Amino acid sequence: MSDLVKLAENRLPADWTVSLSEMWCQLRPNERELRRQGWKLHVSATVASAPQVLARSLDVLLPARCVFKFANAPARVGELNGARFARGSAGKFITVYPTDDDEFRRLAAELDAATTGLAGPMILSDRPYRAGSIVHYRYGAFVGERMLDNDGQVVEIIHAPDGTPEPDRREAWFSPPVWAECPLPEPVPTEDVDGVLLADRFVVRQAIRHANKGGIFEATDRLGGADVVVKQARAHVELARDCLRNEADMLAALADFGVCPAPLAYFEQGGDDFLVEERIQGVTLRGWVAGHERMSWATMTRMAGKLVDLLDRVHSAGIVLRDLSSTNVMVRADDTPVLLDLEVAARQGIVCTTVSGTPGYLAPEQRPGAVLEPAVDLYALGALLMLMITGEDPLLPDGPDRGARMARWLDLIARDDERARRAKPLIAGLLADDQRWGIEEVRAFLAAPEPDALGPDVRRLLRDGTDYLVASMTPDAEDRLWPMSYWGTGSDSLNVHHGAGGVLAVLTSLDVSPDVLRTAADWIEKRLLARTKVLPGLNFGSAGTAWALHDAAKRLGDDGRAARMIDVVKRLPSDWPNPDVTHGVAGAGTSALALWLDSGDEELAEQARRCARTLVDRVDGEPLWRVPESFDSLLAGITDYGFAHGSAGIASFLLAAGTRLDEPAWVRLAEDVGRMLCDAAHVDRFGARWPAGPTSGGRPLEFWCSGAAGIGAFLIRLWQATGDERARTLAELAGQAVWTRRWRLGTSICHGLAGGGELLLDLAEATGDDSFRHQAVDLADAIAARAAEQDGRLLAPDETMIEFGADYAVGVAGWVAFLHRLAHGGPRRWMP
C-alpha cells in the first residue's frame, strides 16, 4: 500500500468505502451513489506535491462527504504527468464527483483555496478554476457507461437532455457538450502559444506537433526574419523541462561541429520553458529513403558514409546520441544529414538511468545502470542501413539475440537483393550484441563487403504460435478472452477483426483440444446472445462471430449452439447504410451464404438474397458503393476499391451469391466490378497494385483491406467463375506485388504478409502453378524473420511489429492461419 493510500485511509471515517484498482483509489461515503454524469472537478499535482495536495483536498472532501478518487501511488502520478501520456487525460491526480451544481461550485472554491500555492500541471481537457489554479473542471460521465458504436468500437458515453447517447469526448482542450450549461462564469481568455509573440522576438505561426510535454511550433525570428523552430516544455509535466534543457545543452556542445541546428534562445514564459533553434529545411531520413525506392548500392553507401562522418564528429565531442533514428535525421536538399531532437543525448561515460530511444533503433545494452558508450549509436546506424534496404523501420520485438535475429532477417532479404547480400557483414557487425564494429571498421568495409545467407524454421513458428493462442486465453476475464493488439483498443471484444471471434475461428481449424474450443465458445456465446445491438459486418459486427461459433459448434458436435448461431445470422440487418464486407451488408450476406451452404437452411438463402438485392439496388452507374455521408460512422462518405471497405469485397459476395443462388444479373454486376478494377490497376515492375479508391489520391497499395492482396483474391475467383483472362492476369500481377514488396510489409492479414500469402495460396490452388506456393513460402520466411523468443516460444509480432496481440486481422492468429493453410492446405477463411 502506498503512502498516498495510507494518508487517506488514516483519516477516513468508518462509514466510507475504499476501492483500489491498478491506477486509482476511490473513496465513497456509504450513503452516496454517483450520478450518471455532470460537472466534475480535477486537481492536478506533481509527484513531489501529491502528498500535500491530497492532504489539503481531504480537508475539503471528507467533511463534504463527496465521492472522489486519486492516483494511488507516486508512480501513477508520474504516469499521469508523463511526457507521452494522452493529452486529453493527463494530469488528473484527483477526480471529484459532486452531487449537484451547488456542491460543484462550493467544492471548486474550497479546493482552490486549500491548494493555492501548490504545484501541478495544467489539465488540457479541462478549464482551470482561475488562472494558475491546480483545480480544473469539465463535463463528463461519472459512472463509465459504454456502448458499441456503428463502427464496432466500444466508447464511453454521456446522454443529451433528450436521452440520446453521445461520446464523452476527452479532447486536449475544454470542449463540453453544447447543451451543458456551465455553473461557473466564463473566465477571462488567456493567450495560447499559437499566434503569439514569445520573448518579444519570436512570432509563432503554427504547430508542427502537440504532445502532453508541450508543442513544437514554426515561428519567425523578428530580428532577422529567419524561420525557426520553437519547442515548449509544459510546467510540471514530468521530465519535460529536464529534457528540453538537456537538448539546449547538447545543441550548444555541438554548435561548432555542423551536425545539428544552431540553438538561438532559451527562456521561460507563462510558466513554461521554450527552446528556439534553427529550422532545417529538408525531409526526414525515412522520407528520403521513401523517395529513393530500390536505391543503388552507390547511393546507399554514399549516405552511409555521410552518417558515419556525422557520428564521428558527435563522438569526438564526447557525446552519445542515444536516439539516432529515421525521423531524428533530417536530409537537406544536397543530401547532407542533420541531427534533430537531441533531448536524450548525453555525455559519454555517464550511467544510463532510463531507457530512451526509438523502437527498432535502440541498442540492447541501453538499460538502466549501463555506461553510455558510442557503440549504442553504431547499433542505430546498422538499423538505418536496414531501413535503406527494406524501406521500413527495422522493428523487432524485444528478446535475446536481437542482433542475430536482425541478421537472419537480412539473410532472407539477401536471397533476391544484391544490396542486402553485399551489406550483410556490415549490418551484422553493427547490430552485434557484443564486439560491435567501430567507425573505422565501417569505413573500411564500405569498399569491399561480402554476402552470406540463412533461413528460419517456419514450422516451429506455426507450432509455437498455436501454443501461444491456447496458452494466452483468459476465460476468467470479463472484458477480453485474448490479449489484443494496440490497434484493437476500444474494439468489440467478440468480433473477428480484433476480438475473440477471429481467434476462435483459427483454433477451430487447428489441432487443439475440444475443451479449449468449448471454453472459448461458451465465453463468446454468452456475451453475444446478451447483445441488444447487432451489427451486420463480417469483421466488426456479429456476422463473423456467429459464423466462427457455428463452425466451432460443428466440430464439437454441438447442434444446439450451431442452430443458435444460424438464428443470429438470420437476424442480422440486411438493409444497413454501410454496404461493405467488414462493417456492413456484404458481411451479413457472406455469412448467411456460407452457413446456408453448410446447413441447407433456406431462410439463410433468403437472407443472402435480401443482402444481395440491397447492394444491387444501391448501384447507380459505375459499380461503386458509397457509405452515406449522413451515416454516424468513421467510414461515412468513403468510396473504396478494396476488399474490406469497397467494391472487391462486395463483388466477391455477389459473385458467390449469384453463382450459388442462380442469379446471373449478380454475376454480371461482379464482372462489371472486375472490369473497373482491372482498368484502375497500377501496373509496374513490382506487379499490380491499387489506390484505396477512385478519389483517394494516395499511393497504390498491397494490402488485403485496400489493395493488391484483397482485390487479387476477388479477381482470381472472378476468373474461376467466368473465364475472364484479364482478371486472371491482374490477379497474378497482384500476387507478384505482394511477393516483390514483402520486405516492406508487416506480418498481419489486414495490411501485411499473411494477407498477401493467402492470395498466393489462392493463386496456386486456382491455377495449379506451384510457383505461387513457393512465393507464399518466401512470405512465410519473411514473417519468421520478424520472430523472437518469447517465454520459450518463437513468435512473430502483431502489426505493431514489437508486441504480440492475438487478433486475427492484425495479430498472431492471422499469421498462424496463413502458416497452417500453407503447411496443411484447406479452404481460405471467410470466403464462401
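Since the model is a prediction, treat every value here as computed from it, not as a measurement.
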Q: Determine yes or no for a side-chain-to-main-chain donor-acceptor pair under 3.5 angstrom, with S21 supplying the side chain and W24 the backbone.
A: yes
Q | Point-to-point distance, once rounded to the nearest 0.5 Å, from CG of D249 to OH of Y266 | A | 8.5 Å
Q: May I ask you to check whether T116 and R130 show a side-chain donor-acceptor distance below 3.5 Å?
A: yes
Q: Please answer whether the main-chain N or O of N72 pairs with a side-chain N or O of S2 as donor and acceptor at a distance below 3.5 Å.
A: yes
Q: Taking the six-membered ring of W523 (Phe, Tyr or Trp), confirm whether the NZ or CZ of R527 is under 6.0 Å from its centre and within 45° of its axis.
A: yes
Q: Say whether, by atom type as modelled, one donor and one acceptor occur between the side chain of D492 and the main chain of G152 under 3.5 angstrom.
A: no
Q: Look at the rings of H498 and F540 and say which category their plane angle falls in: under 30° parallel, 30 to 60° tilted, over 60° perpendicular.
A: perpendicular
Q.
Run the side-chain contact (heavy atoms from CB on, under 4.5 Å) test against W173 and tell me which residues pass, sequence neighbours left out.
A. E171, S175
Q.
Rounded at 0.5 Å granularity, tell me how far OG in S125 sits from NE2 in H136.
A. 8.5 Å
Q: Using atom types as modelled and distance alone, determine if a side-chain donor or acceptor of T284 lies under 3.5 Å from a backbone N or O of M330.
A: no
Q.
Quiz question: by atom type and distance under 3.5 Å, do the side chains of D272 and Q232 form a donor-acceptor pair?
A. yes
Q. Just by distance, do the side chain of D341 and the backbone of N328 share a donor-acceptor pair under 3.5 Å?
A. no
Q. Quick one: do the Y361 and D393 side chains pair a donor with an acceptor below 3.5 Å?
A. yes
Q. Under the 3.5 angstrom rule, does the side chain of T115 hit a backbone N or O of L111 as a donor-acceptor pair?
A. yes
Q.
Nearest 0.5 angstrom please: L107 CG to Y137 OH, how far?
A. 14.5 Å
Q: Determine yes or no for a side-chain-to-main-chain donor-acceptor pair under 3.5 angstrom, with D323 supplying the side chain and T358 the backbone.
A: yes
Q.
For a quick test of reading the model, state the closest non-hydrogen atom pair linking G144 to E156 and the distance between them.
A. CA-OE2, 3.2 Å
Q.
Holding to side-chain contact (heavy atoms from CB on, under 4.5 Å), I want the full list of residues that pass it with L7, two or more places apart in sequence or in another chain.
A. L54, A55, L58
Q: Taking salt bridge (charged side-chain N to carboxylate O under 4.0 Å, His left out) as the test, write out the residues that go with D273, two or more places apart.
A: R241, R245
Q) Looking only at atom types and distance, does a side-chain atom of D807 sit under 3.5 Å from a main-chain N or O of A809, one as donor and one as acceptor? A) no
Q. Can we say D479 and R146 salt-bridge, meaning some charged N sits less than 4.0 Å from an Asp/Glu carboxylate O?
A. no
Q) Of the options K40, R35, R65, R32, which is the one that meets E103 in a salt bridge (charged side-chain N to carboxylate O under 4.0 Å, His left out)? A) R32
Q | Greater than 12 external heavy atoms within 6.0 Å of Y486's OH | A | no
Q: Using the ring pair (Phe, Tyr, Trp, His ring centres under 6.0 Å) rule, pick out the option among F104, W179, F174 that qualifies with Y139.
A: W179
Q) From D242 CG over to E247 CD, what is the distance, rounded to the nearest 0.5 angstrom? A) 13.0 Å
Q: Would you confirm whether R793, through its side chain, and E789, through its main-chain N or O, come within 3.5 Å as a donor-acceptor pair?
A: no
